[in-house]
Amino acid sequence: MASEDTSPSHSHHRDSIKSSVGNTAANRRRQQAISIGKERREALIRAKRLCRDSIFDDDDNEKGLDEGEMVIDEEQSVLNARTAQTVQELKSSLSYQGKDATQKTIEALRALRKLLSKSEVPPIEAAIQGGAVPLLVQCLSFGSADEQLLEAAWCVTNIAAGGPEETKSLLPALPLLIAHLGEKSSVHVAEQCAWALGNVAGEDMELRSILFAQGALLSLTRLMLSNRESTARTAAWALSNLIKGPDPKAANELIRIEAITDTIVKHLKTADEELVTEVAWVVVYLSALSDKAISILVRSDVVPVLVNRLVGSESLQLLIPVLRSLGNLVAADAYITHSILIVGNDITDQVLYGLIKCLKSEHRVLKKEALWVLSNIAAGTLEHKTLIFSSEAVPLLIDLLSAAPFEIRKEAAYTLGNICVGPTKGSDNKSDIIVTHLVPLVKGGCLPGFVNLVRSADVESARVGLIFLELVMRGYPNGEGPKLVEREDGIDAMERFQFHENQEMRNVANALVDKYFGADYGV
Amino acid sequence: MDSMDSSVASPDLGLALGFPFWVASRRRFKPDDPFFASGNLERELLAKHVALDLTEDERFQLQRMEIADANLFCPIAGCGARLEYLEEFEDHYNTRHMASCSVCFRVYPTSRLLSIHISEVHDSFFQAKVARGFPMYECLVEGCGAKLKSYKSRQRHLIDKHRFPSNFEFYKKAHPSKHQRQKLQRKAYKGGDAKDQESFMDLDAKKESKQTRPKHYRPQQEVKTGTERESEMEVETKLHHPQTTETKVVTNCEAKNEKAKAETEMEVEERIEDIVSGISKLSTVDASSPSSVSFGHRHSRGFAFVPRSVRNQNQISKREQTRKP
């Protein structure tokens with residue numbers, strides 16, 4: 001069944017229970033996804049997208065050919081040989097001087113394109129080694145027929161979906177791709193070129209820098225203004241790859257483009273959830289990298305619109321960037337919690353509702369990042385803490401602190417701790433403890449979860465746990481704190497640090513044990 | 001992450017560098033921070049439409065590739081064991097770092113430290129040699145090999161030669177509260193099978209002898225070279241403990257037999273020796289080779305490797321003791 005599968009197979013019992021319904025090509029693709037070899041894994045993780053189908057429906061060229069999902073179904077070596085041959089055909093058609101030269105070229109391109117788009121594992125390397133890149137560059141020259149440009153750009157798109165070496169081999173093609181984004185180009189050509197550029201930008205910072213230097217930013221932004229949703233979507237995705245950094249220069253440049261904020265708001269309001277998703281990712285990177293962008297975005301309509309989508313959507317794909325955008329904005333600028341998410345405003349209740357919805361979801365990412373946002377809101381004013389404390393978030397928080405996967409527990413811990421600690425400091429320079437929050441939370445059973453964190457191998461979590469225990473031991477009324485901590489085996493947990501390699505942890509834990517469980521304890 | 005970096009000077013907690021009291025502040029992450037890794041991965045999977053085709057296992061594989069707790073190591077000093085993922089730590093800790101003293105239930109992270117403890121605290125032979133001026137206190141750092149004449153000078157050696165913090169105490173006082181907890185745990189294990197009585201009949205004889213010569217009994221079992229020694233009795237280590245302010249504790253050794261029932265939580269820590277003297281022989285083997293034992297639930301940490309029969313004997317012996325005139 002999977003004999004022609006060249007990827008190292010981790011396949012196991014899956015083969016036998018695989019459904020035989022549906023066409024074999026789809027099954028094969030599913031099976032490919034199932035047995036994840038290292039190569040496949042990397043391909044899945046990459047910020048690249050293979051273009052398997054035509055970007056527009058009215059593709060007459062495809063009619064008459066019942067291709068189904070996947071046609072090319074061959075041994076890799078056969079595929080490679082075919083690819084090399086196709087490249088040769090392309091080469092000869094380009095040097096052909098006769099009257100059908102263009103048509104021949106287009107046919108050769110199409111054949112190559114099909115090999116690169118209809119195969120399970122596109123023969124990218126074979127194409128490159130066969131010398132495809134210079135030929136494709138030639139095909140992209142100005143004045144070429146639209147169809148030729150389209151097919152060539154499509155080939156480049158899929159070559160750019162490969163690994164680092166393969167993508168870098170496309171350097172000669174970049175300026176042409178950028179040029180064809182222009183407003184004079186056919187919209188299909190422009191979109192396909194945007195896709196290719198998106199893949200190139202998705203590779204690494206070096207290529208992003210090159211593209212930025214070559215002027216890709218402005219052109220892609222202009223394309224994002226398109227009324228065609230698929231074009232706007234592709235352009236937005238490519239843009240998000242271009243500005244994702246870690247160098248913030250592209251993000252900083254983007255926010256300076258005049259119409260950008262309005263465009264973003266407009267797109268965030270559309271019905272097309274996929275477009276909203278891609279544009280939200282642009283906001284994610286703008287808000288993560290550019291402080292200028294943050295101050296502009298928070299004063300625009302972006303926040304209310306994001307909140308709306310947070311509340312209204314059920315799509316995981318959309319919620320991730322929307323949630324994260326809000327998270328970045330809240331984390332970076334106190335303006336949001338102080339001026340927009342004022343307690344009492346409708347939008348604030350909405351945000352809380354939306355975050356709680358994420359907490360209840362089954363998706364780890366949503367839970368974790370929602371907790372992060374919540375923890376940052378809980379770091380706001382006293383009113384914010386009280387708002388969260390009185391909401392249905394608290395039982396969820398305690399539950400997540402106790403039972404969720406590790407990284408979620410940590411975030412829940414931050415949130416709960418922030419709820420108990422005031423924004424003001426006392427004369428001893430320690431933050432005020434909000435006893436009216438602390439006591440119910442402890443009674444609600446949050447201590448075991450914190451003690452558990454103290455036991456973690458992760459130093460940051462252990463620290464969070466220890467510091468919360470300190471709050472309890474210091475701030476719980478009637479000096480009951482230490483006893484409560486002891487009951488949950490807190491002393492054992494802290495004593496572990498006696499032999500911890502981290503000096504700060506040793507000191508902190510020892511100091512706590514000595515102070516609260518010293519010679520006088522229990523006397 | 002700027003949440004809790006600002007340490008506040010706190011003389012009350014005795015920390016020179018200041019204690020990092022909780023400060024409620026916002027946390028911001030860069031876009032390539034590992035915090036966002038799983039969300040980024042999710043984005044790519046969803047976009048490629050393979051998300052639904054993957055099993056939980058495969059997803060987990062992918063996440064591991066992306067997030068890679070690759071640099072996760074056990075944080076216990078001197079261990080350095082590589083941990084595949086965080087959840088593994090607890091098991092690792094329980095198997096490798098719970099060398100527990102059967103006499104006083106102190107827990108050490110390595111069997112070597114445990115055996116050093118046992119020698120120094122529960123072995124009269126050790127104390128005898130110290131009294132005669134032999135350098136018996138080993139340096140705690142493996143491979144150093146230095147031996148010092150007193151606890152204090154060993155302490156100094158650690159601080160001077162190995163840069164240990166000045167507040168490091170190898171012999172940390174067990175907390176009275178700990179004793180209280182252990183009492184409660186022992187109560188929880190009361191009552192066993194009748195047939196178990198037979199298995200420890202032999203021990204009674206030994207126990208009897210021990211009770212009459214509490215300070216000088218030495219086990220007959222083979223003593224392994226250097227690193228492992230067994231002991232029955234706890235010796236009055238208070239005499240050697242530099243920090244003692246509780247001299248009244250010193251005299252309690254024999255009085256403890258009678259006081260066993262009457263004891264309440266006090267500042268005295270080391271009074272368990274005669275209660276468990278009968279079992280220490282059985283369980284010391286476990287105590288000195290912890291890696292071969294899998295320890296149970298941490299709440300009964302000190303008891304995890306003590307067979308129930310022996311524990312029961314412990315209860316009976318206690319009762320017997322109190323009946324003695």
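Just so it is clear: chains get the letters A, B, ... in the order the sequence lines come, proteins before strands, and each one is counted from 1.
Using a cut-off of 4.0 Å between Lys/Arg side-chain N and Asp/Glu carboxylate O, A:Glu278 and A:Arg233 are scored as not salt-bridged. For the pair A:Lys368 and A:Glu411, the salt-bridge criterion is not met [side-chain N within less than 4.0 Å of a carboxylate O]. A salt bridge is absent between A:Glu470 and A:Lys430: the closest approach of a Lys/Arg side-chain nitrogen to an acidic carboxylate oxygen does not fall below 4.0 angstrom.
For chain B, the nearby parts of A:Ser456 are the backbone and the side chain; heavy atoms of each come within less than 4.5 Å. For chain B, the nearby part of A:Ser287 is the backbone; its heavy atoms alone come within less than 4.5 Å. Residue contact with chain B, scored on non-hydrogen atoms closer than 4.5 Å, involves the side chain of A:Tyr285 exclusively. If you measure heavy-atom distances from A:Asp432 to chain B, you find no contacts under 4.5 Å at all. Heavy atoms closer than 4.5 Å to chain B are found in the side chain of A:Trp281, but not in its backbone. With a 4.5 Å cut-off on non-hydrogen atoms, A:Thr424 does not touch chain B at all. Both the backbone and the side chain of A:Phe468 come within less than 4.5 Å of a heavy atom in chain B. If you measure heavy-atom distances from A:Ala43 to chain B, the contacts under 4.5 Å come from the backbone alone. If you measure heavy-atom distances from A:Lys385 to chain B, the contacts under 4.5 Å come from the side chain alone.
In terms of heavy-atom pairs under 4.5 angstrom with chain B, the leader among A:Ala379, A:Ala457, A:Gly422 is A:Ala457. For the set A:Ala332, A:Ser431, A:Ser375, the entry with the most heavy-atom pairs within less than 4.5 Å of chain B is A:Ala332. Of the listed residues (A:Thr277, A:Thr337, A:Val421), the one with the most heavy-atom contacts under 4.5 Å to chain B is A:Val421. For the options A:Glu369, A:Arg474, A:Arg324, heavy-atom pairs under 4.5 Å to chain B are most numerous at A:Arg324. Of the listed residues (A:Asn376, A:Leu289, A:Asn328), the one with the most heavy-atom contacts under 4.5 Å to chain B is A:Asn376. Comparing A:Ala47, A:Pro246, A:Gly245 by how many heavy-atom pairs each has under 4.5 Å with chain B, the most go to A:Ala47.
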inquiry  = Let's go through B:Ser38 and A:Arg364 carefully: what are the C-alpha distance in whole Å and the side-chain angles of both, what is the deciding distance for side chain to side chain donor-acceptor pair (under 3.5 Å) to 0.1 Å, and is it a yes or a no?
reply    = CA-CA 9 Å; B:Ser38 38; A:Arg364 279 170 81 138; over 6 Å; no
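The CZ atom of B:Arg28 lies 9.5 Å from the CG atom of A:Leu329; values are rounded to the nearest 0.5 Å. Rounding to the nearest 0.5 Å places CG of B:Leu46 at 9.0 Å from CG of B:Leu41.
A cation-pi geometry, defined here as NZ or CZ lying under 6.0 Å from the six-membered ring centre and within 45° of its normal, does not hold between A:Arg455 and B:Tyr93. By the 6.0 Å and 45° rule, B:Lys30 does not stack over the aromatic ring of B:Phe36.
Scanning all heavy atoms of the two residues, the minimum distance from A:Val330 to B:Arg26 falls at O-CD, 3.1 Å. Taking both residues in full, the closest heavy atoms of A:Ile377 and A:His384 are given as O-CB, 3.5 Å, listed atom of the first, atom of the second, then distance.
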